[in-house]
Undergrad: 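Sharing a structure below in structure tokens format, with a few things to ask.
Numbers here are sequence positions counted from 1. Side-chain atoms are counted along with the backbone in the values below, which use heavy atoms only and exclude waters and symmetry mates.
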Amino acid sequence: MKDQIPFNKVIIPHPSIDILEDEGYEVVGGKLKIPLSFNVNGAQMYSRLFIDYVATKEEGSIYLVILSRPRKPLDFTGSGLRDTLLPYLLIYPECSGVLYVNTASGSIQVIKLGRDDGESN
């Protein structure tokens with residue numbers, strides 16, 4: 001399931017935009033809801049993913065922006081990143097990565113997907 005990154009032209013102001021702009025990113029898209037459906041033994045189940053913003057930095061780069069949530073902190077382990085962010089990176093493999101904006105600390109983590117060619121063994 002690959003798709004082109006959609007753009008929501010409605011960009012709702014948020015302090016995270018200032019954090020991104022201070023680091024040289026330009027917010028080019030607002031919040032996106034990505035509807036998902038699963039078929040389990042013939043029964044349809046639905047869910048969705050959310051992207052808070054879409055941003056760019058260098059020409060041709062497109063980042064998916066996820067904001068930190070106090071009730072749902074991101075587990076910065078390999079498995080935690082896989083469980084939380086892999087769906088975004090698989091749906092939009094052409095993106096440059098995910099920008100995880102910690103709104104409390106004002107920091108940005110740039111997260112890109114790569115293959116482990118056995119270096120971790």
Side-chain angles (χ1 to χ4, degrees):
M1 181 177 143
K2 294 191 321 186
D3 207 352
Q4 289 192 343
I5 299 171
F7 286 88
N8 177 359
K9 294 181 181 180
V10 178
I11 301 171
I12 297 174
H14 187 274
S16 63
I17 293 176
D18 293 334
I19 297 169
L20 289 161
E21 289 177 346
D22 288 347
E23 293 296 323
Y25 294 97
E26 178 186 0
V27 175
V28 294
K31 190 170 189 112
L32 297 170
K33 180 170 79 173
I34 305 162
L36 303 171
S37 69
F38 302 91
N39 185 313
V40 181
N41 293 336
Q44 286 295 120
M45 304 174 109
Y46 300 94
S47 186
R48 56 197 156 285
L49 293 172
F50 291 95
I51 297 170
D52 293 301
Y53 294 104
V54 176
T56 185
K57 191 168 190 178
E58 301 89 21
E59 185 171 326
S61 68
I62 297 178
Y63 293 91
L64 309 176
V65 178
I66 306 295
L67 304 181
S68 64
R69 304 271 191 292
R71 292 184 301 149
K72 193 175 178 184
L74 181 60
D75 178 12
F76 273 93
T77 62
S79 60
L81 295 173
R82 175 200 65 211
D83 293 347
T84 305
L85 301 179
L86 188 59
Y88 297 99
L89 298 167
L90 291 178
I91 292 172
Y92 302 115
E94 74 280 3
C95 77
S96 303
V98 170
L99 301 175
Y100 183 77
V101 180
N102 185 324
T103 55
S105 69
S107 63
I108 299 173
Q109 302 290 324
V110 181
I111 303 164
K112 298 180 178 187
L113 176 64
R115 285 182 42 169
D116 178 4
D117 293 327
E119 294 178 9
S120 66
N121 293 334

Undergrad: Calculate, to the nearest 0.5 Å, the distance between atoms CD1 and NE2 belonging to Ile19 and His14 respectively.
TA: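 One finds 8.0 Å between CD1 of Ile19 and NE2 of His14.
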Undergrad: Hey, any chance Leu86 and Val98 share a hydrophobic cluster, counting ILVMFWY side chains that come within less than 4.5 Å of each other, even indirectly?
TA: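 Yes: a chain of side-chain contacts under 4.5 Å links Leu86 to Val98.
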Undergrad: How long is the straight-line distance from CG of Leu113 back to CG of Leu81, given to the nearest 0.5 Å?
TA: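 The distance works out to 10.5 Å.
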Undergrad: I need the Thr103 OG1 to Leu67 CG distance, nearest 0.5 Å.
TA: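 Reported value, rounded in 0.5 Å steps: 6.5 Å.
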Undergrad: Is any side-chain heavy atom of Tyr100 closer than 4.5 Å to one of Leu85?
TA: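 When only atoms from C-beta onward are counted, Tyr100 and Leu85 do not touch, as no gap falls below 4.5 Å.
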Undergrad: Are Asp75 and Thr84 packed together at the side-chain level, in the sense that at least one heavy-atom pair is separated by less than 4.5 angstrom?
TA: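 Not in contact.
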Undergrad: Can you find a pair of side-chain heavy atoms, one from Leu74 and one from Ser68, that are under 4.5 Å apart?
TA: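 No, side chains not in contact.
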Undergrad: Of all heavy-atom pairs between Ser96 and Ser61, which one has the smallest distance, and what is that distance?
TA: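 The pair with the smallest heavy-atom distance is OG-CA, 3.2 Å.
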Undergrad: Roughly how far, to the nearest 0.5 Å, is the CG atom of Leu49 from the CD1 atom of Ile91?
TA: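 Answer rounded to 0.5 Å: 5.0 Å.
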Undergrad: Restricting to non-hydrogen atoms, name the atom on Pro73 and the atom on Pro70 that form the minimum distance, rounded to 0.1 Å.
TA: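 That closest heavy-atom pairing would be CD-O, 3.8 Å.
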Undergrad: Does Tyr88 belong to the same Ile/Leu/Val/Met/Phe/Trp/Tyr cluster as Tyr46, with side-chain heavy atoms less than 4.5 Å apart forming each link?
TA: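 In one cluster with Tyr88: Tyr46, no.
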Undergrad: Tell me the salt bridge (Lys or Arg N to Asp or Glu O under 4.0 Å) pairs involving residues 33-61, sequence neighbours left out?
TA: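 Output for this query lists Lys31-Asp52, Asp52-Arg69.
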Undergrad: Under a 3.5 Å distance rule, please check whether Glu94 uses its side chain to pair with a backbone N or O of Ile5 as donor and acceptor.
TA: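 Confirmed, Glu94 side chain pairs with Ile5 backbone.
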Undergrad: Check whether Leu36 and Ile66 end up in the same hydrophobic cluster, where Ile, Leu, Val, Met, Phe, Trp and Tyr are linked by side-chain heavy atoms less than 4.5 Å apart.
TA: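 Yes; Ile66 is reachable from Leu36 via cluster members.
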Undergrad: If you measure from CZ on Arg82 to OG1 on Thr77, what distance do you get to the nearest 0.5 Å?
TA: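 Answer rounded to 0.5 Å: 8.0 Å.
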Undergrad: Would you say Leu99 and Val110 make side-chain contact, with heavy atoms under 4.5 Å?
TA: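 With C-beta onward as the side chain, the pair touches.
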Undergrad: Quick check: is Ile12 connected to Val28 through a chain of hydrophobic side chains (ILVMFWY, heavy atoms under 4.5 Å apart)?
TA: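 No; Ile12 is not reachable from Val28 via cluster members.
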Undergrad: Would you check if Ile111 and Phe76 make a side-chain contact, meaning some heavy-atom pair closer than 4.5 Å?
TA: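 Sidechains of Phe76 and Ile111: in contact.
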Undergrad: Would you check, one step at a time, whether the test side chain to side chain contact (heavy atoms under 4.5 Å, CB included) holds for Ile34 with Tyr92?
TA: CA-CA 11 Å; Ile34 305 162; Tyr92 302 115; 3.6 Å; yes
Undergrad: To the closest 0.5 Å, what do you measure between OG1 (Thr56) and OH (Tyr63)?
TA: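 So the OG1 of Thr56 and the OH of Tyr63 are separated by 8.0 Å.
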Undergrad: Is there a donor-acceptor pair under 3.5 Å between the side chain of Tyr25 and the backbone N or O of Ile17?
TA: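 A pair under 3.5 Å: no.
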Undergrad: Nearest heavy-atom pair of Ile51 and Tyr53: which atoms, and what distance?
TA: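 Closest heavy-atom pair between Ile51 and Tyr53: CG2-O, 3.1 Å.
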Undergrad: So do Leu20 and Val65 actually touch side chain to side chain, heavy atoms under 4.5 Å?
TA: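 SC-SC contact between Val65 and Leu20 confirmed.
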